[in-house]
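Here's the structure we're looking at; comments come further down.
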Amino acid sequence: MRIGVYPGSFDPMTLGHLDICERGSAIVDKLVIGVLENSSKKPMFTVEERLQMLKEGTKHLPNVEVRPFSGLLVDFLREQKATIVVRGLRAVTDFEYELQLAQANRNLYPDMETVFLCTNAQYSFISSTVVKDILHHGGDVGHFVPENVIKIIKQIRRN
Ligand code: ADP
């Protein structure tokens, strides 16, 4: 069984992430979305909130699981018995960091491969940072975030 991990902060989940989840889950038997707990960036949403968004946003994908992780990605891969990492590439600017990460990971765990999925052009401008900015200023994120995730965000921000 070919198990892949799609790691990230997902703070919050966007349509760009959903696109990678759909396409990534189609090329492996099981895709585990790894939600990073110890991000150096101070997140807008707690890990529980981000897990809830991803579970809701991917509930139509039967071979997708959502789990939190902290520490080294390679340790999480081993724990999940995964040998594939799925990452999305939006622009050339993503590439330098991603290449470094992929090479460092393979150095630590030679049995793994990183697979890069190029962003769907219609989502290439979407990032969690942009979504956070819009939310911060009370704007409409309807074109950036899956519909069922917007409901969760509204609920969280109302509390
Ligand atoms: P990180 O905190 O790891 O940078 P993010 O949560 O921002 O992660 O993103 C996780 C992954 O999703 C990364 O591989 C990133 O390149 C990819 N990604 C984010 N937004 C998009 C998008 N609009 N299209 C394609 N891939 C994306």
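In listed order, ligands and their atoms are each counted from 1. The shown structure was predicted, so the numbers you read here are calculated from the model rather than taken from an experiment.
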Using a 6.0 Å distance limit plus a 45 degree cone around the ring axis, check whether R78 lies over the aromatic ring of Y109.
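Yes.
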
Consider ligand 1: state whether an atom of it lies below 4.0 angstrom from any non-hydrogen atom of C118.
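False for this residue.
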
I'd like to know if Y6 contacts ligand 1, where contact means a heavy-atom distance under 4.0 Å to any ligand atom.
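Yes; Y6 lies near enough to ligand 1 that a heavy-atom distance drops under 4.0 Å.
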
Within-cut-off N or O pair, [X] and ligand 1, under 3.5 Å:
X	result
S9	yes
D11	no
I20	no
S127	no
G8	no
F10	yes
T14	no

Could you state the interatomic distance from OG (S124) to CG (L89), rounded to the nearest 0.5 Å?
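One finds 12.0 Å between OG of S124 and CG of L89.
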
Specify side chain, backbone, both or neither for S124, according to which of its non-hydrogen atoms lie closer than 4.0 Å to ligand 1.
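The answer is neither.
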
Part of R90 with heavy atoms under 4.0 Å of ligand 1, whether side chain, backbone, both or neither
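It is the side chain that gets close, since no backbone atom is under 4.0 Å.
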
I126 neighbourhood, listing ligand 1 atoms whose heavy-atom distance to it stays under 4.0 Å:
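Reading through ligand 1 atom by atom, the close ones are 20 (N), 22 (C), 23 (N).
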
Per-atom contacts, ligand 1 versus P7 - under 4.0 Å to a heavy atom:
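Matching atoms, with element in brackets: 10 (C).
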
If you define the side chain from C-beta out and look only at heavy atoms, does anything of S127 sit under 4.5 Å from R90?
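S127 vs R90: side chains touch.
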
Quick one: which of I33, V149, L31 gives a side-chain contact (heavy atoms from CB on, under 4.5 Å) with T58?
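So the option named by the test is I33.
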
R67 side chain to V32 main-chain N or O, any donor-acceptor pair under 3.5 Å?
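No, the answer is negative, given that no donor and acceptor are paired below the 3.5 Å cut-off.
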
Shortest non-hydrogen separation from [X] to [Y] and the atoms involved:
X	Y	answer
I27	R2	O-CD, 4.0 Å
G142	I150	CA-CD1, 3.6 Å
I20	G88	CD1-CA, 3.9 Å

Look at the rings of F144 and F125 and say which category their plane angle falls in: under 30° parallel, 30 to 60° tilted, over 60° perpendicular.
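Judged by the thresholds at 30° and 60°, the geometry between F144 and F125 is perpendicular.
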
